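Computed from a predicted structure; not experimentally measured.
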2 protein chains.
Amino acid sequence: MSPRPRKDERSINLQEAIKETAWQYIAKYGAPALSLRAIARALGITAPAIYNYYPDRDALVTALIIDAYTSFGDAQIAARDAFPEEDIIGRLHAIGHAYRRWALAHPQRYQLIFGTPVPGYVAPMKQVLPSAVRAFGVLVSVVEAARRAGTLRADSFPPIKPGYEAALEEWKRFSGDADVLSLSVALLIWARVHGMVSLEIAGSLPPFGAGVDALYEYEITSIERQFFREGES
Amino acid sequence: MSPRPRKDERSINLQEAIKETAWQYIAKYGAPALSLRAIARALGITAPAIYNYYPDRDALVTALIIDAYTSFGDAQIAARDAFPEEDIIGRLHAIGHAYRRWALAHPQRYQLIFGTPVPGYVAPMKQVLPSAVRAFGVLVSVVEAARRAGTLRADSFPPIKPGYEAALEEWKRFSGDADVLSLSVALLIWARVHGMVSLEIAGSLPPFGAGVDALYEYEITSIERQFFREGES
DNA sequence: AAGAAAAACAAACGCTGTATATTTACACCG
DNA sequence: CGGTGTAAATATACAGCGTTTGTTTTTCTT
């Protein structure tokens with residue numbers, strides 16, 4: 001009846017060790033090649049033993065995705081907080097470049113998050129959403145700060161259909177009770193950045209070489225010019 | 001010594017039938033779940049028989065991707081040619097919406113093209129590039145037409161590093177010998193459109209409902225306003 | 001008719017995720 | 001201190017996968 005904690009050291013370590021080994025394999029051979037048996041082999045255990053820590057492969061993938069989102073969010077939070085609260089353009093710039101830098105540094109993680117890396121897998125929103133919202137809430141918070149400061153240039157922004165406030169509760173919690181407008185603008189910015197980064201990671205871009213840097217920088221500043229007024233300093 | 005054409009009817013039919021069945025399976029269960037054995041089962045043949053038509057699964061996937069690109073390109077060409085050559089904004093608008101319409105109508109094909117749908121698969125550029133270039137050459141051609149007409153607003157566009165002309169030969173063939181500037185602008189537009197569409201298809205967008213339509217329309221017109229001057233009519 | 005080549009097949013190999021049943025080892029309680 | 005319950009790891013097994021190999025059937029050319 002009473003849940004009996006075992007030695008607890010090895011157990012928890014194994015749970016983490018499984019994820020760690022999984023990351024190594026993903027980094028080496030790509031996310032879709034993830035194999036429970038290979039992980040078990042590397043850890044010196046048998047494949048079914050993993051089922052003591054994750055009910056099935058999808059659960060492991062979910063855990064990996066959450067970890068990836070957390071790392072992704074950390075990177076963006078750090079980038080944002082490197083600039084003072086009032087320097088909205090500075091924060092935006094930093095976030096945009098941190099986004100690409102993280103994605104290029106961990107392309108497999110990025111594809112694990114946004115791609116369809118595993119055959120039958122669909123991410124369970126309930127578990128993933130919090131960490132995802134935390135990561136994208138960073139951008140939302142800065143946009144919202146601009147809106148509050150009156151430097152958000154979004155007069156002609158299309159009115160988004162109402163009636164989905166409930167679904168966005170979680171977003172608001174992590175982004176300082178952002179307005180729906182800020183959320184929409186952030187969404188569009190996110191889409192632009194994701195578009196370029198995902199194409200670059202997938203190798204779908206022509207061999208522009210170092211030119212991609214310039215193109216990305218141009219896109220970031222385009223976004224800033226389109227949506228943000230200079231703050232009165 | 002002499003290559004002997006067989007009855008040719010059944011053979012070619014089977015080659016096409018394999019692709020057709022593959023599409024049905026992809027539509028039903030998604031691209032990553034593609035299985036040679038399942039295809040063979042549906043066709044009433046054995047799995048190794050497929051190897052007479054495609055050397056391995058990757059070759060089949062490549063053929064499918066090329067077909068998808070062709071269909072994708074057809075849709076964009078049709079959209080463009082529905083407007084007269086001088087109506088550049090009209091053509092851009094049509095292409096943009098045709099892009100999303102095709103992607104939403106064939107999400108699996110879209111992910112097959114841009115995602116990493118099959119475990120160990122990497123698309124062989126040599127075979128895929130022509131059909132890919134044909135599809136994106138449509139946008140490039142319209143941007144180039146604007147440049148020639150003097151309505152392309154890209155003064156502040158970043159200078160892309162030179163030295164990659166050779167790699168872009170193919171692009172030029174399909175886009176009316178487009179200038180490098182047109183190519184770069186088209187690339188940025190493509191990235192923006194792809195960003196929003198890919199997020200929508202992946203289900204990563206919040207449940208904006210019909211609001212996505214408005215958001216997409218806004219993004220399209222934003223692109224037009226940023227990069228294109230009204231033609232003197 | 002004879003020979004060559006293409007197409008299909010049957011069987012097998014090694015791999016995968018997963019289910020089941022069994023053994024081992026630890027933690028607690030009387 | 002010994003018994004007991006539970007968690008963790010195991011061995012075994014199943015069905016499915018892509019692919020290889022060797023063999024047989026079919027079909028066309030000469």
J.: Has A/T46 got a side-chain N or O lying under 4.0 Å from the OP1 or OP2 atom of D/dA9?
T.: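 Negative; the distance criterion is not met.
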J.: Whole Å only: how far is the CD atom of A/Q15 from the P atom of D/dA7?
T.: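 So the CD-P distance, A/Q15 to D/dA7, works out to 15 Å.
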J.: Just the rounded figure in Å: distance from P of D/dT20 to OH of B/Y51.
T.: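 After rounding, the gap between these two atoms is 6 Å.
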J.: Determine, stepwise, if the pair B/H97 / B/Y216 fulfils ring-ring contact (aromatic ring centres under 6.0 Å, His included).
T.: CA-CA 9 Å; B/H97 282 291; B/Y216 191 79; 5.7 Å; yes
J.: Could you check how far CG of B/L34 sits from P of D/dC17, rounded to whole Å?
T.: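 Answer to the nearest Å: 11 Å.
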J.: With no hydrogens and no angle check, is any side-chain donor or acceptor of B/Y54 less than 3.5 Å from a backbone partner on B/Q15?
T.: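 Side chain of B/Y54 to backbone of B/Q15, a donor-acceptor pair under 3.5 Å: yes, one is there.
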J.: To the nearest angstrom, how far is A/Y54 atom OH from D/dA8 atom C1'?
T.: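 Distance check: A/Y54 OH to D/dA8 C1' gives 15 Å.
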J.: Under 4.0 Å from OP1 or OP2 of D/dA9: is there any side-chain N or O of A/Y53 that close?
T.: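 Yes.
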J.: So which one's nearest nucleotide on DNA chain D is more toward 5', A/R37 or B/R41?
T.: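 In this pair, the answer is A/R37.
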J.: Does the side chain of B/S35 get closer than 4.0 angstrom to OP1 or OP2 of D/dG16 through an N or O atom?
T.: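 Indeed not, no polar side-chain atom of B/S35 lies that close.
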J.: Keeping the roles fixed (side chain from A/R192, backbone from B/R192), state whether a donor-acceptor pair exists under 3.5 Å.
T.: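 Not a single qualifying donor-acceptor pair exists.
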J.: Nearest whole angstrom, please: distance from the P of D/dA7 to the CG of A/L14.
T.: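 About 17 Å, once rounded to whole Å.
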J.: Which distance, rounded to the nearest 0.5 Å, do you find between the OG of B/S35 and the OH of B/Y25?
T.: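 Here the rounded value is 7.5 Å.
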J.: Would you confirm whether B/E144, through its side chain, and B/D179, through its main-chain N or O, come within 3.5 Å as a donor-acceptor pair?
T.: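 Indeed, once roles are kept as given, a pair shorter than 3.5 Å links the two residues.
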J.: When the distance from CZ of A/R57 to P of C/dG17 is rounded to whole Å, what number comes out?
T.: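 So the CZ-P distance, A/R57 to C/dG17, works out to 6 Å.
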J.: In whole Å, what is the span from the OH atom of B/Y25 to the C1' atom of D/dC17?
T.: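 Atom-to-atom, B/Y25 to D/dC17, this comes out as 14 Å.
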J.: Is B/I39 touching bases, backbone alone, or none of the nucleic acid, heavy atoms closer than 4.0 Å?
T.: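 Since no nucleic acid heavy atom lies under 4.0 Å of B/I39, the category is nothing.
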J.: Could you tell me the separation between the CG atom of A/L36 and the P atom of C/dG17, rounded to a whole number of Å?
T.: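 Atom-to-atom, A/L36 to C/dG17, this comes out as 4 Å.
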J.: Want to settle it: does B/P48 or B/N52 sit nearer the 5' end of DNA chain C, counting the closest nucleotide to each?
T.: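 Going by which nucleotide is closer to the 5' end, it is B/N52.
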